[in-house]
2 protein chains.
Amino acid sequence: MSISKTNRLSLVEQVVSQIETLIESGEWEIGSQIPPEMDLIKQFDVSRNTLREAIRSLVYAGLLITKQGKGTFVKSSSALGVAFQRRIQQSSLFETLEVRHALERQGAQLAAIRRDQEDIEKLRFHITACQKAAEAKDIKAYEEADIQLHKSIMCSSHNALLIDLYEHMEDSVHDSIHQLAGMSSDATLHLSIHCNLVEAIIDQDVNRAIDSVNGYIAQFKKFID
Amino acid sequence: MSISKTNRLSLVEQVVSQIETLIESGEWEIGSQIPPEMDLIKQFDVSRNTLREAIRSLVYAGLLITKQGKGTFVKSSSALGVAFQRRIQQSSLFETLEVRHALERQGAQLAAIRRDQEDIEKLRFHITACQKAAEAKDIKAYEEADIQLHKSIMCSSHNALLIDLYEHMEDSVHDSIHQLAGMSSDATLHLSIHCNLVEAIIDQDVNRAIDSVNGYIAQFKKFID
DNA sequence: ACCTCAAATTTGTAGGATGATTGGTTCATT
DNA sequence: AATGAACCAATCATCCTACAAATTTGAGGT
């Protein structure tokens, strides 16, 4: 019986791992061009095939992007976003909204428990931005402020994994939401719920925070139908 | 302005796409061995390098797994799991538990709303298995039954994305949970909460289902401290 | 029946050759 | 001098052959 399933890593996996480290450590900055194949072959001391299989893996995962004739560039430091995007595209907006509901409810609950002074200031800033955009009837600005508000709420949860999941999901979901944005009939209701949510988080009223999230998600579900 | 960013797909990307389709459509069943490289070279009419880069991409994404000397096998139909697991491994058990809380609470809520007769039968089967394992003091069997019960609950939500996320999370969390399993002092309490949860779902009592989830997650958090 | 070892199968790695794309340079024409 | 065509260099894309390493299979001998 083997203690480790696959104790020995293949050369390709080793190269992939090294490149991942280079990206995550920031040694290869996002957006920058990485050395050409021939240089990397010498650097890692592997054949062209091995290197290319490693590069191609990371391209598929969304960490790198290659452009023929130009070079290979660092695109992202996390593979989660691309994978999420692929998966969400296969899901209905309804399903995605329910998962978003799960994350936002938890985020609001934790935010109400753990928000610190810095969080409160950010929340107040963004809810004010929402109000101003609503008064100015600037739908585009309102959407942007709304997204920033939601991200601030999630950040107040102080759970990095939760924040990460939400951010990657947000990227993918935003486009879909945008389509429905025009029909925001009662933005005032939408805004009032958000105000209520922010107040609940600041007051550390967990139940009211959760109820607020349930409220605007329910409102959203009506739109979709 | 380019209508399509990269209108032309590379050969590797085309092969990847075709293989993805074969997997998602079920033509290549999960767990089955795919044709050897030489056959696929003829099938897709590409060189070995091109094919291998495509295969390697899907291996990295977690859809395939290659074993030297044996062959290549279909591991999963979703790339989300691997990316998710990679991210989870960088998180603390506490953070992961809170995200699990988010998913399980939502799963329980939706299950209480949408569970059908088939779901009820599965739930009853697995809760009975839990009880039997508890009576027999068989910790290992209890853990397995517990996992199956939780998966059944999630499946009752009838949200494929939610189920997908939970399943992949479950895999990563299970090991960590296993470490703490020995100290399950009050398994009876744990079991009673689960019974309560299943009853609530069957009775379509949404609030009681949510409270049950909150209950055993809170119990879990105590263990971690 | 059991063991040994060679052959076949399959993936892993290496290295070379050529094509395709991009960006820049050179140079002749206007 | 400005323009544009032709050329060239860098880089990735694809294909090819060859050999190595791991696994399974089966023939052959004990």
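Each chain gets a letter, A, B and so on, in the order its sequence line appears, and its residues count up from 1.
A straight line from CG of A/Asp45 to P of C/dA14 spans 8 Å, rounded to a whole angstrom. Distance NZ (A/Lys42) to C1' (D/dT11): 14 Å, rounded to an integer number of Å. In this structure, A/Glu13 places its CD atom 8 Å from P of C/dT13, rounding to the nearest Å. Regarding A/Phe73, its CZ atom lies at a distance of 11 Å from the C1' atom of D/dC12, rounded to whole Å.
For A/His101, there are no ring-ring contact (aromatic ring centres under 6.0 Å, His included) partners two or more places apart in sequence or in a different chain. By the side-chain contact (heavy atoms from CB on, under 4.5 Å) test, A/Ile41 pairs with A/Met38, A/Arg48, A/Leu51, sequence neighbours left out. Residues satisfying the side-chain contact (heavy atoms from CB on, under 4.5 Å) criterion with B/Ser157, sequence neighbours excluded, are B/Leu110, B/Asn159, B/Leu162, B/Ile163. Checked against side-chain hydrogen bond (donor to acceptor under 3.5 Å, both in side chains), B/Glu24 has the following partners two or more places apart in sequence or in another chain: A/Gln90.
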Distances for protein N or O near nucleotides 6-9 of chain D N or O, under 3.5 Å:
none

Restricting both atoms to N or O, compile the protein contacts to nucleotides 4-8 of chain C shorter than 3.5 Å, with distance only.
none

For nucleotides 20-25 of chain C, print each protein N/O atom paired with a nucleotide N/O atom at under 3.5 Å, atom names and distance only.
residue: C/dA20; atom: N3; partner: A/Gln68; partner atom: OE1; Å: 3.2

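DNA chain D is contacted by A/Pro36, A/Glu37 of residues 31-39 of chain A, taking any non-hydrogen atom closer than 4.0 Å. The stretch residues 49-61 of chain B touches DNA chain D through B/Asn49, B/Thr50, each having a heavy atom under 4.0 angstrom from the strand.
An OP1 or OP2 oxygen of C/dA14 is reached within less than 4.0 angstrom by a side-chain nitrogen or oxygen of A/Ser47. Using a 4.0 Å cut-off, some side-chain N or O of A/Thr66 falls inside it from OP1 or OP2 of D/dA13. Remark: B/Ser10 is not in phosphate contact with D/dC12, judged by side-chain N or O atoms under 4.0 Å from OP1 or OP2.
A/His126 and A/His150 form no side-chain donor-acceptor contact under 3.5 Å, judged by distance and modelled atom types alone. With no hydrogens or angles considered, no side-chain donor-acceptor pair links A/Thr96 and A/Arg100 at under 3.5 Å. Checked by atom type, the side-chain pair A/Glu144/A/Gln148 shows a donor-acceptor distance below 3.5 Å.
For residues 110-120 of chain B, every residue pair satisfying the salt bridge (Lys or Arg N to Asp or Glu O under 4.0 Å) rule, not counting sequence neighbours, is listed here: A/Glu98-B/Arg114. Among pairs with a residue in residues 60-84 of chain A, those fulfilling side-chain hydrogen bond (donor to acceptor under 3.5 Å, both in side chains) read A/Tyr60-B/Glu20, at least two apart in sequence or across chains.
Each end of the helix from C/dA1-D/dT30 to C/dT30-D/dA1 gets its own axis from five base pairs, and the two axes differ in direction by 20°, given to 10 degrees.
Scanning atom types as modelled, no donor and acceptor separated by under 3.5 angstrom connect the side chain of A/Arg48 and the base of C/dT18.
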